[in-house]
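Have a look at the structure below, then the notes.
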Protein chains: 4
Amino acid sequence: MAGSVNKVILIGNLGADPEIRRTQDGKPIANLRIATSDTWRDKATGERKEKTEWHRVVIFNEGLCKVAEQYLKKGAKVYIEGALQTRKWTDNAGIEKYSTEIVLQGFNSVLTMLDGRSGGGGGASDDFGGSDSFGQSGSSSRRQPAMAGGGGSMRDVMDDEIPF
Amino acid sequence: MAGSVNKVILIGNLGADPEIRRTQDGKPIANLRIATSDTWRDKATGERKEKTEWHRVVIFNEGLCKVAEQYLKKGAKVYIEGALQTRKWTDNAGIEKYSTEIVLQGFNSVLTMLDGRSGGGGGASDDFGGSDSFGQSGSSSRRQPAMAGGGGSMRDVMDDEIPF
Amino acid sequence: MAGSVNKVILIGNLGADPEIRRTQDGKPIANLRIATSDTWRDKATGERKEKTEWHRVVIFNEGLCKVAEQYLKKGAKVYIEGALQTRKWTDNAGIEKYSTEIVLQGFNSVLTMLDGRSGGGGGASDDFGGSDSFGQSGSSSRRQPAMAGGGGSMRDVMDDEIPF
Amino acid sequence: MAGSVNKVILIGNLGADPEIRRTQDGKPIANLRIATSDTWRDKATGERKEKTEWHRVVIFNEGLCKVAEQYLKKGAKVYIEGALQTRKWTDNAGIEKYSTEIVLQGFNSVLTMLDGRSGGGGGASDDFGGSDSFGQSGSSSRRQPAMAGGGGSMRDVMDDEIPF
DNA sequence: TTTT
DNA sequence: TTTT
């Protein structure tokens, strides 16, 4: 349809290290799980409430995949701009399911790190060597030095768990 | 989580008239189906391609529900600002499903009509009488006179078809 | 600075036909004047109020310049995504002035027409022939047939009126 | 005008401590100077380039003013959502000038801190006591403990310097 | 004037 | 599963 806009803007934290896979012709695809949350005070009880929302982010853009792979870790805070896409798939029991994802593909996609927290030591904070070559102006980011320990162990779990 | 943002911006057209329901205590909830689409030219074949994406919008904000009920019709073009929310539900066969929706609730929600198209006759295009009372500054809209014929008949279909 | 975002989203109407100029090496630059407005009801008097805001939009992106030149006319409703930029200049009296503009340049810029209104007759609404070649995915638009009469006459006025 | 949108989204750093003033009837107004910057590599020379853009942010929303006053300091990284507004004023020499600002007023305004950096010591990081009372859902923030030294001295300078 |  |  002419004249339409489909845009998602998120600021949140990664629930796990990025998962990187490759297509048969070698192109990378990165999957992120991002949490956002709302906090409010219950009007009746005055109690503090919080609700966390989990988002599935899929990165087809090759440059941004590289950024995700090299710099993002579980816990990192990111700014993301992408588009909504709902995908149909069939689970092992043959049941049709739908999964809605935020897709970063082509232009008008942005992925920016918002924290330069070091996981333990150095204050290193170089810019990405190639932030300008991602095809996304404005997509500059701060380097996040590898966090001590690192994740990785969670990746397999996430592969199985299947989304929604 | 502190410092998070969860925002969706859509411009698209209604695939059907809005569905309005009420909670037990009488509060309205409006459901919209909105289509956005991307067009591009296939690099290999040069062929023109188009992909339509359907979005579920749920309006809890009472003022915006009224707007939806009174002014929106199948085919109307709207601007929407809301937040992503994924809801778990169980279908008739007892199977757990997830549905991701764009929720307009409380503040920071916007619903604006982008066309004042008349369905047949007049060029009438009064502003909403009460656009300022919706609790959303910037949420002004142009009136869309009832479209000839109108929808309605599609509602039942949409209930059955079930999306995701 | 690493990790920054500078984004403006406007939906508004052109106050005049686009002005197209060319740099010495022949690259087009389009200037648009776009109006947005807020309406609200005065709490004290109950009176309906409206305030119009005028925006200067400058398009360096060559593909979007072409769109502006060919399809946009005074009165057209557009969706725009760009970045804020403040420029210093010196007027004829030698006084330094600043002008803040919304710049559409490179990627992450969007220009989409939101009306297919015909200025006289047909309901023609072809897509742009080359919407995919603008370097902006998601930047599809509906064609606006040339409006009867056309603008032009207003251009001179606007040049003089001086903006900010 | 019906159906318009005027939205600015910024992520950047404060160039100075917030300035807080009060209207004659005691309502607070906060002024922020926020820097965003783009980095890219020059295609010809391969040189790394950076351009910083400075933004004037004016907060009329009382709750967000309190947030600015209590938690924001020079150097803080923030997410801001507001609207563009151009204001005319006359300088001491009687010359008319224009200043374009990002206004946070009423609803649809957001101010969120994106760093919880401590200026020297503690890891203190309570949520705002009243983040839910700002009239902005989604406007939660992380506390920034007072930074050692603090600014303040810069405020007077900024009053005089006059913007654009 | 920030930040990297 | 994140973050505060």
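Order of the sequence lines fixes the chain letters, A, B, ..., with proteins taken first and strands second; residue numbering starts at 1 for each chain.
Counting heavy atoms from C-beta outward, C:Leu10 and C:Ile102 have side chains that approach closer than 4.5 Å.
Atom OH of D:Tyr79 is separated from atom C1' of E:dT3 by 19 Å (rounded to the nearest Å). Atom NZ of D:Lys77 is separated from atom P of E:dT1 by 20 Å (rounded to the nearest Å). For D:Lys49 and E:dT3, the NZ to P distance is 23 Å, given to the nearest whole Å. What separates NZ of D:Lys51 from P of E:dT3 is a distance of 19 Å, to the nearest Å. In this structure, A:Trp40 places its CH2 atom 14 Å from C1' of F:dT4, rounding to the nearest Å. Atom-to-atom, CD of A:Glu53 to P of F:dT2 comes out at 16 Å; the value is rounded to the nearest Å. The distance between atom NZ of D:Lys73 and atom P of E:dT2, rounded to the nearest whole Å, is 16 Å. If you measure from atom CZ of D:Arg48 to atom P of E:dT4, you get 14 Å, rounded to the nearest angstrom.
Judged as a side chain to side chain donor-acceptor pair (under 3.5 Å), and not counting sequence neighbours, the contacts of D:Glu53 are D:Lys51. Under the rule for a side chain to side chain donor-acceptor pair (under 3.5 Å), the partners of D:Thr23 that lie at least two apart in sequence or sit in another chain are D:Asp25.
Stacking between A:Trp54 and the base of F:dT2 is absent under the criterion of ring centres within 5.5 Å and planes under 30 degrees.
The nearest pair of heavy atoms linking D:Pro18 to D:Leu72 is CD-O, 3.3 Å.
In this structure, the nucleotide among E:dT2, F:dT4, F:dT2 sitting nearest to the side chain of D:Asn13 is E:dT2. Picking from F:dT1, E:dT1, E:dT4 the nucleotide with the shortest atom distance to the side chain of A:Arg33 gives F:dT1. Each of E:dT1, F:dT4, E:dT3 was ranked by its minimum atom distance to the side chain of A:Glu50; first place goes to F:dT4.
Not a single donor-acceptor contact under 3.5 angstrom links the side-chain atoms of C:Ser4 to the base of E:dT3.
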